[in-house]
A.B. asks: 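Dumping the structure here so I can ask a few things about it.
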Amino acid sequence: MAFTGAGISAGSGIPTFRDPGGIWDRFDPRVFGTWDGLAQAALHRPDALAGFLAELRRVLARARPGRSHVALERLERAGTVDAVITQNVDGLHQEAGSRSVVELHGSFFRQLCLAEGHRGEVGREGLVVDLDRAIRSLRTAFVPSLASILPRCRSCGGPARPDFVAFGEAVQGYEEAVRLVARCRVLLVIGTSGDVFPAAGLPDEARRSGAVIVEVSPASTLVDADVWVRARAEDVLPRLAVAALAR
């Protein structure tokens with residue numbers, strides 16, 4: 001199994017949220033990382049919320065799968081990697097072709113209908129259109145509520161929100177992730193700091209079932225690994241895929 005974090009998408013132009021210069025370094029996560037905070041910002045700090053959404057648009061509109069995402073897809077297609085468990089919300093694993101992906105923190109490219117509760121894919125282009133509309137409203141019109149700038153559900157026309165996991169919300173698919181790591185022989189941990197729970201507990205779940213933990217990261221983390229590869233994912237995973245597929 002592969003367990004990925006923000007570091008695997010750094011080569012795709014998506015800066016990690018927590019590192020210096022990242023989104024949470026410039027935008028207070030207590031405001032812009034919670035739905036209550038976003039609702040208050042829409043009413044009282046529309047310019048700041050527009051700036052936050054514009055930064056998301058800038059990063060997500062241009063992002064494409066990197067060499068690391070492609071390498072994991074090749075390993076999955078060859079039967080070497082059974083599934084990818086990711087903390088990322090950028091959809092790059094699926095765009096690279098990975099079929100078995102558990103998104104613990106949801107996805108920006110999926111909508112959750114607030115009226116009927118169903119989910120639907122919107123894709124990168126659809127997200128950009130929705131963000132453009134919200135940014136324009138925040139900068140040019142009176143905003144009575146956060147709901148007024150939310151996109152519309154493609155099925156029923158009601159308000160819908162991007163289906164990412166905000167701070168304070170339960171992660172998605174965690175039981176499935178635990179089931180997957182409990183039966184793996186090797187857990188390849190890529191680009192995660194190991195400090196965001198409950199996702200950070202997955203390597204320990206894998207170890208309890210006898211798996212070897214292999215970490216790929218350019219810097220030390222809180223992950224308790226058996227093997228450390230201190231390098232960027234985009235420098236290691238393509239070589240790993242070539243070596244594994246040559247056997």
Side-chain angles (χ1 to χ4, degrees), residues 1-9 16-18 65-66 68-110 112 119 121 163-231 233 236-241 243-245 247:
M1 305 294 170
F3 173 43
T4 69
I8 197 171
S9 294
T16 59
F17 274 48
R18 297 173 181 275
S68 301
H69 301 96
V70 173
L72 287 181
E73 186 278 331
R74 292 185 64 199
L75 290 169
E76 181 185 14
R77 184 155 33 96
T80 303
V81 167
D82 289 338
V84 175
I85 303 164
T86 186
Q87 299 171 87
N88 298 338
V89 295
D90 53 35
L92 293 178
H93 286 298
Q94 292 92 328
E95 196 169 330
S98 291
R99 295 182 179 182
S100 181
V101 181
V102 177
E103 296 174 307
L104 295 174
H105 295 159
S107 173
F108 277 121
F109 305 112
R110 187 170 56 244
L112 173 63
R119 289 175 164 88
E121 300 296 326
D163 191 28
F164 70 92
V165 175
F167 288 110
E169 294 185 317
V171 298
Q172 300 178 11
Y174 187 71
E175 293 79 8
E176 173 68 4
V178 170
R179 185 187 69 80
L180 288 170
V181 301
R183 64 180 178 86
C184 74
R185 291 178 298 170
V186 176
L187 182 64
L188 188 60
V189 182
I190 308 159
T192 179
S193 59
D195 62 353
V196 178
F197 285 87
L202 290 174
D204 289 336
E205 293 281 356
R207 176 175 283 105
R208 279 192 285 270
S209 298
V212 175
I213 312 301
V214 179
E215 183 189 34
V216 178
S217 175
S220 61
T221 71
L222 297 178
V223 176
D224 184 14
D226 301 296
V227 178
W228 293 270
V229 181
R230 288 288 174 253
V236 172
L237 293 185
R239 296 166 58 190
L240 177 63
L245 297 176
R247 297 183 62 181

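Note that these values count all heavy atoms, side chains included, but never hydrogens, waters or copies made by symmetry.
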A.B. asks: Apply salt bridge (charged side-chain N to carboxylate O under 4.0 Å, His left out) to the pair R230 and E215, showing each step before the final yes or no.
C.D. replies: CA-CA 8 Å; R230 288 288 174 253; E215 183 189 34; 3.3 Å; yes

A.B. asks: Just so I know, are the side chains of F164 and R110 near enough to count as touching, which here means a heavy-atom distance under 4.5 Å?
C.D. replies: no

A.B. asks: Keeping the roles fixed (side chain from D163, backbone from S107), state whether a donor-acceptor pair exists under 3.5 Å.
C.D. replies: no

A.B. asks: Just verifying a value: how many Å separate E73 CD and E95 CD, rounded to the nearest 0.5 Å?
C.D. replies: 12.5 Å

A.B. asks: Are Y174 and L202 side-chain neighbours, meaning at least one heavy-atom pair lies under 4.5 Å?
C.D. replies: yes

A.B. asks: Between S9 and H69, is any pair of side-chain heavy atoms under 4.5 Å apart?
C.D. replies: yes

A.B. asks: What are the two closest non-hydrogen atoms of A233 and S68, and how far apart are they?
C.D. replies: C-OG, 3.1 Å

A.B. asks: Passes side-chain contact (heavy atoms from CB on, under 4.5 Å), I85 versus L104? Steps please.
C.D. replies: CA-CA 7 Å; I85 303 164; L104 295 174; 3.8 Å; yes

A.B. asks: Counting distance only, does the side-chain N/O of N88 pair as donor-acceptor with the main-chain N or O of D90 below 3.5 Å?
C.D. replies: no

A.B. asks: Can you tell me if R183 has over 12 outside heavy atoms packed within less than 6.0 Å of its CZ?
C.D. replies: yes

A.B. asks: How long is the straight-line distance from CD of E103 back to CD of Q87, given to the nearest 0.5 Å?
C.D. replies: 12.5 Å

A.B. asks: Testing the basics here: between L245 and A78, what is the closest heavy-atom pair and its distance to 0.1 Å?
C.D. replies: CD2-CB, 3.1 Å

A.B. asks: Let's go through R207 and D226 carefully: what are the C-alpha distance in whole Å and the side-chain angles of both, what is the deciding distance for side-chain contact (heavy atoms from CB on, under 4.5 Å) to 0.1 Å, and is it a yes or a no?
C.D. replies: CA-CA 10 Å; R207 176 175 283 105; D226 301 296; 3.6 Å; yes

A.B. asks: Does a side-chain heavy-atom distance below 4.5 Å link I8 with L72?
C.D. replies: yes

A.B. asks: Within the 4.5 Å heavy-atom criterion, are F3 and L180 side-chain neighbours or not?
C.D. replies: no

A.B. asks: Of the non-hydrogen atoms in I213 and A206, which two are nearest, and what is the gap between them?
C.D. replies: CD1-CB, 3.9 Å

A.B. asks: Supply the atom-to-atom distance Q94 CD to S100 OG, rounded to the nearest 0.5 angstrom.
C.D. replies: 10.0 Å

A.B. asks: Counting only N and O atoms by type, is there a donor-acceptor contact under 3.5 Å from the side chain of E176 to the main-chain atoms of G173?
C.D. replies: no

A.B. asks: Is any side-chain N of the basic residue among R179 and E175 closer than 4.0 Å to the acidic one's carboxylate O?
C.D. replies: no

A.B. asks: Which heavy atom of E76 sits nearest a heavy atom of D82, and at what distance?
C.D. replies: OE2-O, 4.3 Å

A.B. asks: Taking all atoms of both residues into account, what is the closest heavy-atom pair of A177 and V102, and its distance?
C.D. replies: CB-CG1, 4.4 Å

A.B. asks: Between T221 and T192, is any pair of side-chain heavy atoms under 4.5 Å apart?
C.D. replies: no

A.B. asks: Among V236, L237, V214, whose side chain to side chain contact (heavy atoms under 4.5 Å, CB included) with I190 holds?
C.D. replies: L237

A.B. asks: Quick one: does R119's side chain get under 4.5 Å of Q172's, heavy atoms only?
C.D. replies: yes

A.B. asks: Which atoms form the tightest heavy-atom contact between A231 and V216, and what is the distance?
C.D. replies: O-CG1, 3.7 Å

